[in-house]
Every structure is written in structure tokens, then in C-alpha cells.
Amino acid sequence: MRLIKSPSLINKELKKRRIKGQGIGFVPTMGALHEGHLSLIRQARRDNDIVVVSIFVNPKQFGPKEDLKKYPRPLSKDLKLCRKEGVDFVFFPKNEDIYPGGFSTYVNVEGLDKFLCAKSRPGHFRGVTTIVAKLLNIIAPDVLYLGQKDIQQAVILQRMVKDLNIPVKVKVMPIVRSKDGLALSSRNAYLNHKERRDALVLSQALKLAVFFINNGASDAKRIILRMRQLIEKRQSVRIDYVEIVDPVTLKPLKKVAGSFLIVLAVWVGKTRLIDNFLRK
Ligand code: AMP
């Protein structure tokens with residue numbers, strides 16, 4: 001496994017591989033790797049000759065009041081995990097090589113970046129689309145691996161790839177959860193014992209909604225109300241949003257039928273957690 005910091009060097013190394021006819025799978029991450037990330041890496045390993053993982057805590061996707069400084073950065077542990085999973089290249093760029101002085105070009109996916117998480121995280125998706133567009137230019141992979149955990153991000157990035165004719169296939173992998181249902185996230189590390197218990201309410205609310213829907217409920221407003229009631233029973237928890245939306249347009253649904261996406265974002269103490277359930 002090679003650790004490369006320079007964008008031009010990794011681009012050159014991967015070009016050599018491409019000339020040999022080797023296929024490249026790419027998993028972009030912010031590090032603090034857990035089983036969720038590893039499921040993407042393992043799929044990339046199964047599908048491709050070469051697996052590239054990037055580790056970059058992208059400042060442009062953090063708001064001024066968000067957790068950029070305290071975001072976990074356990075690099076040596078991450079590298080160990082990557083090595084164990086048979087990753088070929090870890091791209092670990094420096095901030096100044098990604099955003100050199102004078103940087104002023106951004107990618108915006110209009111419309112989809114107005115809903116859900118965008119409301120409480122203005123500028124977040126602009127940061128995500130810009131860094132992923134840059135990484136796709138640097139790595140030029142055949143397949144990009146994303147997690148359903150960040151479903152809005154995946155929807156927006158799929159739109160970007162299509163709209164900008166970026167020659168990459170996108171694979172969205174299922175959410176990996178701990179045994180008790182909590183979706184794995186690097187931010188779970190911020191939770192204390194009680195908050196960790198309260199955080200279970202996200203997956204419980206999704207389960208409740210799916211139970212209602214499977215038993216014939218279709219009025220989105222009523223389903224959302226029942227979810228909110230369940231969540232609000234927990235003291236340390238504050239709802240950002242709970243919505244049932246169209247999985248492609250992310251617009252709210254009135255009637256739940258056919259394909260749907262239930263999404264929620266909830267503050268547990270000072271930690272904002274997201275989760276979702278997708279029926280295709
Ligand atoms: P992050 O490091 O949080 O930027 O995440 C990197 C990639 O891992 C993104 O595509 C995430 O959606 C994905 N990911 C994060 N958590 C999970 C999870 N619990 N299950 C599946 N994929 C995940």
C-alpha cells in the first residue's frame with residue numbers, strides 16, 4: 001500500500017495503471033474509518049484491480065460553527081485498516097494542495113441542495129460537490145463508492161456526475177449499523193453513554209415508520225407525527241427534520257406509495273446525527 005500526499009503524483013501513478021488496463025475503484029472518506037467505510041472499501045476491492053481511498057477532512061463542507069477542529073483524525077489506525085483491507089493507494093492530501101491561494105471555483109448542484117440537511121448546513125453540499133469533483137479529476141476512477149448513510153450527498157453526487165458527464169460509475173452501498181441499530185458514523189465518537197443510548201431513537205423511529213407503512217399507512221404527515229412523538233420522548237434529543245421524500249427529487253411526499261425515502265436529522269446533545277430508510 002502506498003501513501004501519497006501529492007495530487008499530481010497520485011494522478012501520474014494511476015495513469016500508469018490505467019494504461020496497463022487496470023480498473024480503479026475509489027472510496028472518498030474523511031478518515032476515522034469504521035465498518036461503514038470498510039464495507040465500501042471491501043466492495044471496491046471485490047470489483048476492481050486497484051483500490052484508492054482518500055482521507056481528507058474537507059474544511060469547505062464544515063460550517064463556521066461546526067466540528068472541523070475536533071473531527072477525529074486517527075491517521076495511523078486508518079492506515080492500518082486500509083492495509084488490512086488490501087487498499088493499494090491512500091491519498092492523504094494537504095489542505096494547501098487542494099485549496100491553494102486564490103482558489104475560487106466551486107461546483108453547485110442546484111435545487112437538490114436546498115432540501116433536508118442543506119437547510120441547517122448552508123454551504124455544506126457545495127463543499128462536498130467541489131471536493132468530490134476535484135478528487136474525481138485527480139483519481140479518475142472507474143467506480144466511485146458512496147454510502148447510503150449520507151443519502152442526500154449520494155443523490156447530489158449522482159446528479160453532479162450525470163450533469164457534468166464525469167465518466168465514472170457510482171455505487172451506493174447499504175447503511176452499516178451496530179447490532180442495536182445505530183448507523184455507524186465517525187461522529188458517534190462524540191456521544192457519551194446516555195447520548196449513545198438516546199441515539200437509538202433515530203433507527204427506532206425509522207423502524208416504526210416502516211412498520212406503519214407495511215401495515216397500510218400512507219399519509220406522510222401522520223407517519224412523521226408518530227416518528228416525532230417517539231423521538232421527542234428522549235430528553236437529550238432535538239429534531240432538526242423528519243421527512244418522507246421522493247428518493248430522486250428529494251421533494252416531500254404527501255402519500256407514501258411505491259418508492260420513498262424516510263430521512264431524519266436529530267441533535268443528540270451537541271452531536272447532529274442522520275439516518276434514513278430507502279424503499280426503491
Ligand atoms: P465520511 O468519512 O463520513 O465522509 O464518509 C465516507 C463515505 O462512507 C461516505 O460515502 C459515507 O456515506 C460512507 N459511510 C459513512 N458511514 C457509513 C455507514 N454507516 N454505512 C455505509 N456507508 C457509510
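Whatever order the structure lists them in is the order used to number ligands and atoms, beginning at 1.
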K.L.:
Output every pair passing side-chain hydrogen bond (donor to acceptor under 3.5 Å, both in side chains) with a member in residues 15-28, not counting sequence neighbours, ordered by first then second residue.
P.N.:
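Output for this query lists Glu13-Lys16.
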K.L.:
Write out all pairs satisfying side-chain hydrogen bond (donor to acceptor under 3.5 Å, both in side chains) with one or both partners inside residues 216-234, taking only residues at least two apart or from two chains.
P.N.:
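Sorted pair list: Gln204-Arg234.
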K.L.:
Could you check whether Lys119 makes a cation-pi contact with Tyr241, meaning its NZ or CZ is under 6.0 Å from the centre of the six-membered ring and within 45° of the ring axis?
P.N.:
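Because its charged atom misses either the 6.0 Å distance or the 45° angle limit, Lys119 does not stack over Tyr241.
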K.L.:
Present, as a list of atom pairs with distances to 0.1 Å, all nitrogen or oxygen contacts under 3.5 Å between ligand 1 and the protein.
P.N.:
unit_1: ligand 1; atom_1: 2 (O); unit_2: Met30; atom_2: N; d: 2.9
unit_1: ligand 1; atom_1: 2 (O); unit_2: His37; atom_2: NE2; d: 2.9
unit_1: ligand 1; atom_1: 5 (O); unit_2: His37; atom_2: NE2; d: 3.4
unit_1: ligand 1; atom_1: 10 (O); unit_2: Gly147; atom_2: N; d: 2.9
unit_1: ligand 1; atom_1: 12 (O); unit_2: Gly147; atom_2: N; d: 3.3
unit_1: ligand 1; atom_1: 12 (O); unit_2: Gly147; atom_2: O; d: 3.2
unit_1: ligand 1; atom_1: 12 (O); unit_2: Asp150; atom_2: OD2; d: 2.7
unit_1: ligand 1; atom_1: 16 (N); unit_2: Leu184; atom_2: O; d: 3.4
unit_1: ligand 1; atom_1: 19 (N); unit_2: Val176; atom_2: O; d: 2.9
unit_1: ligand 1; atom_1: 19 (N); unit_2: Leu184; atom_2: O; d: 2.9
unit_1: ligand 1; atom_1: 20 (N); unit_2: Val176; atom_2: N; d: 2.9

K.L.:
Once ring-ring contact (aromatic ring centres under 6.0 Å, His included) is applied, what residue pairs with a partner in residues 104-155 remain, sequence neighbours excluded?
P.N.:
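Those involving residues 104-155 are Phe103-Tyr106.
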K.L.:
Could you tell me whether the side chain of Ile239 reaches within less than 4.5 Å of the side chain of Met227, counting heavy atoms only?
P.N.:
no
K.L.:
Strictly by modelled atom types, are Tyr99 and Asn58 linked by a side-chain donor-acceptor pair under 3.5 Å?
P.N.:
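On atom types as modelled, these side chains qualify, holding a pair under 3.5 Å.
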